[in-house]
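The block underneath contains the structure these notes are about, expressed in structure tokens.
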There are 2 protein chains.
Amino acid sequence: MTDIEKTLENKSVRPTAMRILIYKYLAEKDSAVALTDIENAFEKAERTTLYRTLKTFEEKGIVHQIDDGTNISKFALCEPGCNCEIDQDLHLHFHCTHCDKTVCLTEHKIPHINLPSGYIAEDVNLVIKGICDTCSKH
Amino acid sequence: MTDIEKTLENKSVRPTAMRILIYKYLAEKDSAVALTDIENAFEKAERTTLYRTLKTFEEKGIVHQIDDGTNISKFALCEPGCNCEIDQDLHLHFHCTHCDKTVCLTEHKIPHINLPSGYIAEDVNLVIKGICDTCSKH
DNA sequence: TAATGAATGCAACCGTAGTGCATTTAATGT
DNA sequence: ACATTAAATGCACTACGGTTGCATTCATTA
Ligand SMILES: [Mn+2]
Ligand SMILES: [Mn+2]
Ligand SMILES: [Zn+2]
Ligand SMILES: [Zn+2]
């Protein structure tokens with residue numbers, strides 16, 4: 001049993017061939033991936049299967065969904081210990097308008113925001129758009 | 001010539017009947033509106049016209065577009081002096097998951113965020129999801 | 001090995017966003 | 001007032017990500 005299989009089983013996700021491949025793909029990427037990215041990476045795979053796999057991964061805390069403002073949902077593996085809940089691991093995300101990549105800045109937590117009285121925060125999303133480190137070198 | 005007509009002309013937007021109505025509609029609302037909202041408010045109006053009106057309004061700095069994470073673009077009138085550029089009027093937005101309204105918290109500016117070296121910020125989007133003041137009372 | 005439930009494949013549907021083009025409307029100069 | 005011209009509008013259609021229903025296949029286990 002490989003590490004990936006163990007990881008999936010630990011999260012109560014049956015480690016099917018497709019799921020292992022998708023997990024591997026996510027682990028190799030250094031930026032968040034869209035459903036279409038995976039679709040293109042595995043010509044043979046069904047869009048629906050990929051879609052539902054990502055859904056399952058998200059529900060089980062294997063990936064978190066990222067809304068980077070492009071209106072295309074992105075996904076990235078959760079760091080160990082990430083539970084994607086408020087006041088816990090709310091890191092910010094950066095979307096590069098040049099290479100179109102979106103990355104987790106896991107070391108950069110979202111600062112606490114004071115709200116007007118009566119408002120109750122349940123989730124926070126902070127996205128910075130601009131030029132990433134790779135693109136700014138060229 | 002009404003105030004609205006003056007406002008539109010000041011922003012180099014020809015004050016047509018439809019545009020005046022849409023502006024009025026936006027001004028009356030205390031929360032951001034989606035294209036569909038306007039569509040439903042004016043049964044007779046063409047969706048395309050509304051769509052392009054909002055685009056024009058946005059280009060001319062009359063409204064700003066809000067991405068509240070619902071994947072439905074919302075629009076709200078700009079405050080006087082709002083130019084919607086970075087380091088200028090970057091207020092945060094609140095999306096209520098109970099009443100589904102999105103509001104501008106214009107008094108709450110987005111705090112400055114330190115980025116890793118090489119990253120260049122051009123735009124920031126901060127959305128808080130939760131329960132709004134009206135909904136939290138009930 | 002049969003029964004069972006989960007995972008997958010296939011085919012659709014949905015809603016928002018966006019475009020192309022013909023038509024109407026309004027502003028301008030003669 | 002009329003013709004000219006550009007802007008605004010109306011209509012039809014497309015694009016695309018997301019989503020669902022249902023039949024089929026696969027894997028677990030009694
Ligand atoms: Mn992330
Ligand atoms: Mn706003
Ligand atoms: Zn980049
Ligand atoms: Zn509310």
Side-chain angles (χ1 to χ4, degrees), chain A residues 1-2 4-6 8-25 32-60 62-76 95 100 102, chain B residues 1-2 4-6 8-25 32-60 62-76 95 100 102:
Chain A
M1 185 136 88
T2 68
I4 292 181
E5 286 176 89
K6 276 181 210 150
L8 293 181
E9 293 217 325
N10 283 342
K11 302 276 189 175
S12 328
V13 171
R14 266 161 62 177
T16 66
M18 201 64 234
R19 286 170 173 177
I20 293 170
L21 282 175
I22 295 175
Y23 189 100
K24 242 181 224 161
Y25 179 78
V33 301
L35 178 57
T36 310
D37 296 331
I38 311 183
E39 211 182 345
N40 294 334
F42 304 98
E43 287 294 331
K44 272 191 2 184
E46 256 307 303
R47 185 181 175 72
T48 315
T49 304
L50 303 176
Y51 171 76
R52 286 200 261 241
T53 299
L54 287 173
K55 269 272 181 116
T56 304
F57 278 11
E58 196 202 353
E59 282 159 13
K60 297 303 171 67
I62 295 170
V63 301
H64 59 282
Q65 189 169 353
I66 302 164
D67 171 17
D68 61 7
T70 60
N71 272 1
I72 300 173
S73 288
K74 308 282 167 62
F75 298 86
H95 174 68
D100 201 43
T102 296
Chain B
M1 182 136 87
T2 69
I4 293 181
E5 287 176 271
K6 276 180 209 151
L8 293 180
E9 293 217 324
N10 283 342
K11 301 276 189 174
S12 328
V13 171
R14 267 160 62 175
T16 66
M18 202 63 234
R19 285 170 173 175
I20 293 169
L21 283 174
I22 295 176
Y23 189 99
K24 244 181 223 159
Y25 179 76
V33 302
L35 179 56
T36 311
D37 296 331
I38 310 183
E39 209 181 346
N40 294 334
F42 303 98
E43 286 295 332
K44 272 190 5 183
E46 255 309 301
R47 211 179 56 80
T48 315
T49 304
L50 303 177
Y51 171 77
R52 287 198 260 241
T53 299
L54 287 173
K55 270 273 179 120
T56 304
F57 279 11
E58 197 204 351
E59 282 159 13
K60 296 303 171 67
I62 294 169
V63 302
H64 59 282
Q65 189 169 353
I66 302 164
D67 171 16
D68 61 8
T70 61
N71 273 0
I72 299 173
S73 287
K74 308 282 168 61
F75 299 85
H95 174 68
D100 201 44
T102 297

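Sequence lines set the chain letters: A, B, ... in the order given, protein chains first and strands last, and positions in each chain run from 1.
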- Can you tell me how far CZ of F75(B) sits from CD1 of I66(B), rounded to the nearest 0.5 angstrom? 9.0 Å
- Query: Could you state the interatomic distance from CZ (F57(B)) to NZ (K11(B)), rounded to the nearest 0.5 Å?
  - Reply: 11.5 Å
- Produce a footprint string for nucleotides 3-10 of chain D: one letter per nucleotide, 5' end first; B if the base is under 4.0 Å from any protein heavy atom, S if only the sugar-phosphate is, - if neither. ----SSBB
Measure from [atom1] on [X] to [atom2] on [N] and round the result to the nearest Å.
X: I66(B); N: dA17(C); atom1: CD1; atom2: C1'; result: 18 Å
X: L50(A); N: dT19(D); atom1: CG; atom2: C1'; result: 14 Å
X: F75(B); N: dT16(C); atom1: CZ; atom2: P; result: 13 Å
X: E5(B); N: dA27(C); atom1: CD; atom2: P; result: 10 Å
X: F57(A); N: dT8(C); atom1: CZ; atom2: C1'; result: 14 Å
X: L8(B); N: dA27(C); atom1: CG; atom2: P; result: 13 Å
X: E59(A); N: dT19(D); atom1: CD; atom2: P; result: 12 Å
X: E39(A); N: dG18(D); atom1: CD; atom2: P; result: 10 Å

- Would you indicate, yes or no, if dT19(D) has its OP1 or OP2 atom less than 4.0 angstrom from a side-chain nitrogen or oxygen of Y51(A)?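 The answer is yes; a side-chain N or O of Y51(A) sits under 4.0 Å from OP1 or OP2.
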- Task: Give the intermediate values and the outcome of side chain to side chain contact (heavy atoms under 4.5 Å, CB included) for residues D67(A) and K74(A).
- Result: CA-CA 7 Å; D67(A) 171 17; K74(A) 308 282 167 62; over 6 Å; no
- Task: Could you tell me whether a side-chain N or O of R14(B) sits under 3.5 Å from a main-chain N or O of E9(B), the two making a donor and an acceptor?
- Result: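 Here the side-chain-to-backbone pair does not exist.
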- Query: Does S12(A) offer a backbone N or O that forms a donor-acceptor pair with the side chain of K60(A) under 3.5 Å?
  - Reply: yes
- Task: Work out which heavy atom in E58(B) is nearest to a heavy atom in Q65(B); give both atom names and the distance.
- Result: OE1-OE1, 3.3 Å
- Message: Looking at R47(B) and dG18(C), is any side-chain donor or acceptor paired with a base atom of the opposite kind under 3.5 Å?
- Response: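 Counting by modelled atom types and ignoring angles, a donor-acceptor contact under 3.5 Å is found here.
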